[in-house]
Amino acid sequence: MTDGAHPHDPSPRDALTHDAQAREAATREAATREAATHDAATYDAATHDAATHDAATYDVVAVQDKWLPVWDEMAPFRSGEQGDDRPKRYILDMFPYPSGDLHMGHAEAYALGDVVARYGVQQGFDVMHPIGWDSFGLPAENAAIARGVDPRTWTYENIAVQRESMRRYACSFDWDRVLHTSDPEYYRWNQWLFLLLFERGLAYRKPSLVNWCPHDQTVLANEQVVGGLCERCDTPVTKKKLTQWYFKITDYADRLLDDMAQLEGQWPQKVLTMQRNWIGRSVGADVTFVIEGRDKPVTVYTTRPDTLYGATFFVVAADSDLAAELAAGGPAQAEFTTYVEKVRGESDIDRLSSDRDKTGVFLHRYAVNPVNGQRLQIWAADYVLADYGHGAIMAVPAHDQRDLDFARTFGLPVVTVVDTGAEDPATSGVATTGDGAMVNSGSLDGLGKAAAIERITGDLEDRGLGRAAVNYRLRDWLISRQRYWGTPIPIIHCPACGEVAVPAEQLPVELPPAEGLDLRPKGSSPLGAAEDWVNVACPRCGGAARRDTDTMDTFVDSSWYFLRFVSPRRDDVAFDRALVDQWLPVEQYVGGVTHAILHLLYARFVTKVLHDLGLVGFTEPFRRLLNQGMVIMGGSAMSKSRGNVVRLSDELAIHGVDAVRLTMVFAGPPEDDVDWADLSAHGSARFLARAWRLSGDVDSPPGADVTAGDPVLRKATHRALDEVGRAVETFRFNVAVARVMELVNAARKAIDSGCGPADPAVREAAETVAVMLSLFAPFTAEEMWSRLGHQPCVARAGWPAVDPTLLVQDSVTAVVQVAGKVRAKLTVSPSIGEDELRELALASDGVLRALDGRAVRTVIVRAPRLVNVVPG
RNA sequence: GCGGGAGUGGCGGAAUGGAAGACGCGCUGGCUUUAGGUGCCAGUGCCUUCGGGCGUGCGGGUUCAAGUCCCGCCUCCCGCACCA
């Protein structure tokens, strides 16, 4: 396994050697023939074998095989070494799940991350670009169940395969920092983190409704519910009430929201918006209603306290405790029970269907409107959610569509209290939510919305009946899973002492061997059956107690892994504070938009908790975020059922690593989806061979003085350096590649029909191409560098300094327009004066012809680029 | 429904308010050479009476000048979706 041979991934070399001998003669013959002319080089990865590579033949496979061991030896991307005084920069790619070999999506993501990391190195930074594996979790466990093997075996075998693939893909990772979240050395600190939160009341247990698959008899994570169906068996998912562990992320809702100001412009707008919506802060008021026949009043939350006079009924969430209590013993008891059962059994699919009919049960109880004493019928309905606000609402049908739909279904009264000028909701069926003058609202009459809200909120507060309030859509983070392959929750349940933390010196609580355990999902954790493991003495009283048998959501593992990378081998602390201070926050985070909410929100939350405990000195973990798009094929996501899966290993075998990487980077803006069908890895390969050929054509010694070199080519070289640098810094990688291509074309032209191969400017251009290509096509770059007479690694060669004097043009083209249309082009000095340019323009043939005798009204001059002549 | 983003050649895509289509793919022709591929050169938005005209989803507007800015639509993609 360690050498990368894997049943899923036949090595490209193997595929090639079969017919190698048969091709050898033909290849050698062709090579001899081609060597006769300087430009007849070939590039054909699929039909080459290493034995016959020739000076004029770019043998991709041979080049890959040549440099990998050299790089292994040199470890050019090792970071944070003693005495390294380069400034530090932390570039992070989201770490993978070890599910099978790397696929096209990984190929894109890691190619992009590599551009950023390698550019940092060339710019002289000590770049930390670590990698690890998010190796706990359901994919491994399910695969292990399906194959009847230990999840450990499956996981670590896959890691070995992926690791070797990353090596061959020439990812610029610091291999000394590798971590796996399923190692006890890692998850020990997961448990430490859990206890940190537990001791501060930020980790707690509560009963709540969770996703439940009736077929598999298991709790499902939100991510496992796809379109309302269980992702594995396609059974409609329902809800079940279970006691689960939560992290109190809601305590941080405001800060998660407010701190986004730091990320504005640095993170994709889309992600910030998604997080904002997910947190969903809304501002309104709590209002207290007396319930007839109940001692304690009930509070509701509303964003429209101004419409209080329009409340005509009252609704409680059908599945809430309050509803059950209000129904108990009443005339609607039986009807209510039936209704709740129906609601509970309802699948998400039903709940998701839009414009479904409103349902509910009148409980024959009444609430009293605090402002006018009106008796309001209390209904139980499923359109009110138990876990938002207070699980009960005042219904204002005139000004809320949902309430109006409900009122019309059950014939409840509609009272308009805001005159918006629109048709009466009672007759139109359309609730009016806009602004307008208050009516039927006592002292509020005549006020506008904002004023009315302020007035009524103040009044309610004065009378002790309510107050301004804020609510969030964000719910606490459910972190427990009834599964085997995860971090055991370090809690011991003692009949006498309750929930007791496992003492720090007893960490890690290691996962018991899977052998003998039934891992199949059954609604409770498989760990419950590991009797020797479960039964322990209570750390507090010494009495018989049981371990918590749940494991943690893997999002806990990934919520802090970026901290572990600074000191992955430390066994006394989760992370070295001094090193964290040196390296973090992460300068650039690269990963898929799939994690726009969950992972990124959790990581932000945990960072803030650690900050509050004085363990880190910052509040946001990731300064900049780049979300790459997906790799699709023929217009849709790759899937086996569609039969459009492109195998990365196949593409690498056909085109070579560099060509695949370059294709990914050149395809378009990194955040856009790339359709592999629209792209040409073959074209990329052709370009790389063209670039490589330059290095063989150069006919001047290394270190030749370039100052006397061809100024035209030198200018092209320095312009490329300048523009590629800026394009990379702004993530316009596709443009950066285009600029490198332009330089290659310019150098080709200089060699063939310009200054010739002996001019040192050609060497300068070729060397610059090699350095720039080291970001995108490391093998080709290294090979060029070597052929140009340099020692490896080109990746550490350093970005050449741009000579600003070479960015200045000798002459520029001035565009001359008449009435905005281009009529002439003048070649002028870049320092031409406005008056001189105006003269030249007015005297040009194109202008005279276009004016055709007409008078000139105005002349706009923007020297040296543009003149616009406006006729009278 | 709410929120976000995007509409540019045959295709992927370029373009600080100042030459629309960089770079590449594909295609056409030529040269070299050949079994084929590779390589090199030229061309390639549409129309044209060869002067030029028209072109960045549609309709307006601002400006000497709009793919770019403003207003109103249309279409597509993504996210959230009974959150009171």
Side-chain angles (χ1 to χ4, degrees), chain A residues 26 30 33-34 36-44 46-47 56-58 268-274 276-278 280-282 284 300-304 307 315 351-352 354-356 358 381-385 387-396 399-403 405-406 471-475 593 596-597 629 662-663 666-669 671-675 677-684 686-687 689-690 693 732 734-742 745 748 752-753 813-822 825 849-850 857-862 865-871:
Chain A
R33 190 175 57 239
E34 284 150 3
T37 56
H38 84 277
D39 59 356
T42 62
Y43 177 97
D44 192 343
T47 57
T57 303
Y58 183 28
Q269 198 51 241
K270 178 183 179 176
V271 173
L272 295 176
T273 305
M274 282 168 73
R276 262 185 210 107
N277 292 344
W278 187 264
R281 173 156 62 190
S282 88
V300 302
Y301 173 74
T302 176
T303 53
R304 293 295 302 276
T307 62
V315 188
R351 293 185 79 108
L352 280 171
S354 49
D355 60 42
R356 55 201 285 263
K358 289 282 183 288
D382 67 347
Y383 85 94
V384 171
L385 308 175
D387 56 355
Y388 182 78
H390 305 283
I393 63 156
M394 65 177 210
V396 185
H399 308 297
D400 182 288
Q401 193 59 47
R402 295 154 303 183
D403 295 345
D405 293 343
F406 193 86
N471 252 297
Y472 305 90
R473 293 180 40 151
L474 183 69
R475 306 293 149 82
V593 74
I597 299 178
L662 188 76
T663 303
F666 184 53
E671 55 277 4
D672 288 4
D673 286 351
V674 297
D675 192 331
D678 291 337
L679 305 175
S680 172
H682 181 69
S684 301
R686 211 157 59 190
F687 160 72
R690 201 171 144 81
R693 237 175 283 124
R732 288 149 54 240
N734 54 330
V735 178
V737 172
R739 297 296 168 254
V740 180
M741 288 173 167
E742 282 172 344
N745 291 341
R748 179 83 262 148
D752 290 346
S753 56
T813 303
V815 173
V816 182
Q817 303 175 330
V818 175
K821 290 193 162 55
V822 180
K825 290 170 191 174
R849 190 166 52 221
R857 178 156 46 120
T858 327
V859 182
I860 309 285
V861 183
R862 293 284 177 271
R865 291 279 177 196
L866 180 117
V867 179
N868 190 6
V869 179
V870 185

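- Taking side-chain N and O atoms only, A:S282 has a distance below 4.0 Å to OP1 or OP2 of B:A84.
- To the nearest 0.5 angstrom, A:R281 atom CZ is 12.0 Å from A:N471 atom CG.
- In this structure, the CE atom of A:M274 is 6 Å from the P atom of B:C80, given to the nearest Å.
- Counting any heavy atom pair closer than 4.0 Å across all strands shown, A:T858 reaches no nucleic acid atom.
- Look at the P atom in both B:U44 and B:A20: the space between them is 16 Å, to the nearest Å.
- Per the geometry, CG belonging to A:D752 stands 13 Å off C1' belonging to B:U32, to the nearest Å.
- With a cut-off of 3.5 Å on both Watson-Crick or G-U wobble distances, the partner of B:A42 is given as B:U28.
- In this structure, B:A65 makes no Watson-Crick or G-U wobble pair, since no nucleotide meets both defining distances under 3.5 angstrom.
- A residue-by-residue look at A:K825 and A:N277 shows that A:N277 has its nearest nucleotide of RNA chain B further toward the 5' end.
- Taking only side-chain nitrogens and oxygens, A:Y383 never comes nearer than 4.0 Å to OP1 or OP2 of B:A84.
- Atom-to-atom, CD of A:E742 to P of B:C23 comes out at 5 Å; the value is rounded to the nearest Å.
- Counting any heavy atom pair closer than 4.0 Å across all strands shown, A:R475 reaches a base atom.
- Look at B:A35: it lacks any Watson-Crick or wobble partner with both distances under 3.5 angstrom.
- For the OP1/OP2 pair of B:G24 and a distance below 4.0 Å, the side-chain nitrogens and oxygens of A:N745 include at least one atom meeting the criterion.
- Looking at A:D673, its side chain never comes within 3.5 Å of a backbone N or O of A:G629 through a donor-acceptor pair.
- Look at the P atom in both B:G79 and B:A22: the space between them is 34 Å, to the nearest Å.
- Inter-residue side-chain proximity for A:I393 and A:D403 is flagged as met; some heavy-atom pair is nearer than 4.5 Å.
- Across all strands, A:Q401 comes closer than 4.0 Å to no nucleic acid atom at all (heavy-atom distances).
- B:A42 and B:U32 have their C1' atoms separated by 15 Å, with the value rounded to a whole Å.
- The shortest distance between side-chain heavy atoms of A:T273 and A:K270 does not fall below 4.5 Å.
- Put simply, A:R690 has no side-chain N or O that comes within less than 4.0 Å of OP1 or OP2 on B:U38.
- For B:U49, there is no paired base (Watson-Crick or G-U wobble, both distances below 3.5 Å).
- A heavy-atom distance below 4.5 Å is found between the side chains of A:P669 and A:N734.
- Here A:D400 contributes atom CG and A:T303 contributes atom OG1; the two are 8.0 Å apart, rounded to the nearest 0.5 Å.
- Atom CZ of A:R276 and atom P of B:G3 are 14 Å apart (whole Å).
- Using C1' as the reference atom, B:A65 and B:A19 are 12 Å apart when rounded to the nearest Å.
- Here A:V815 lies in heavy-atom contact (under 4.0 Å) with a base.
- A:R693 has a side-chain polar atom (N or O) that falls below the 4.0 Å cut-off from OP1 or OP2 of B:C40.
- To the nearest whole angstrom, the two P atoms, one in B:C46 and one in B:G21, are 14 Å apart.
- As the counterpart of B:G79, B:C2 is assigned, both hydrogen-bonding distances of the Watson-Crick or G-U wobble pattern falling under 3.5 Å.
- Residue A:R865 is classed as having no contact, given no heavy-atom separation below 4.0 Å to the nucleic acid.
- Atom C1' of B:U63 sits at a distance of 9 Å from the matching atom of B:G17, rounded to the whole Å.
- Contacts of A:N734 with the nucleic acid, taken as non-hydrogen atoms under 4.0 Å apart, involve only primed sugar atoms and P, OP1 or OP2.
- In this model, the phosphate group of B:A15 is approached by a side-chain N or O of A:R732 to a distance below 4.0 Å at OP1 or OP2.
- Taking side-chain N and O atoms only, A:R686 has a distance below 4.0 Å to OP1 or OP2 of B:C25.
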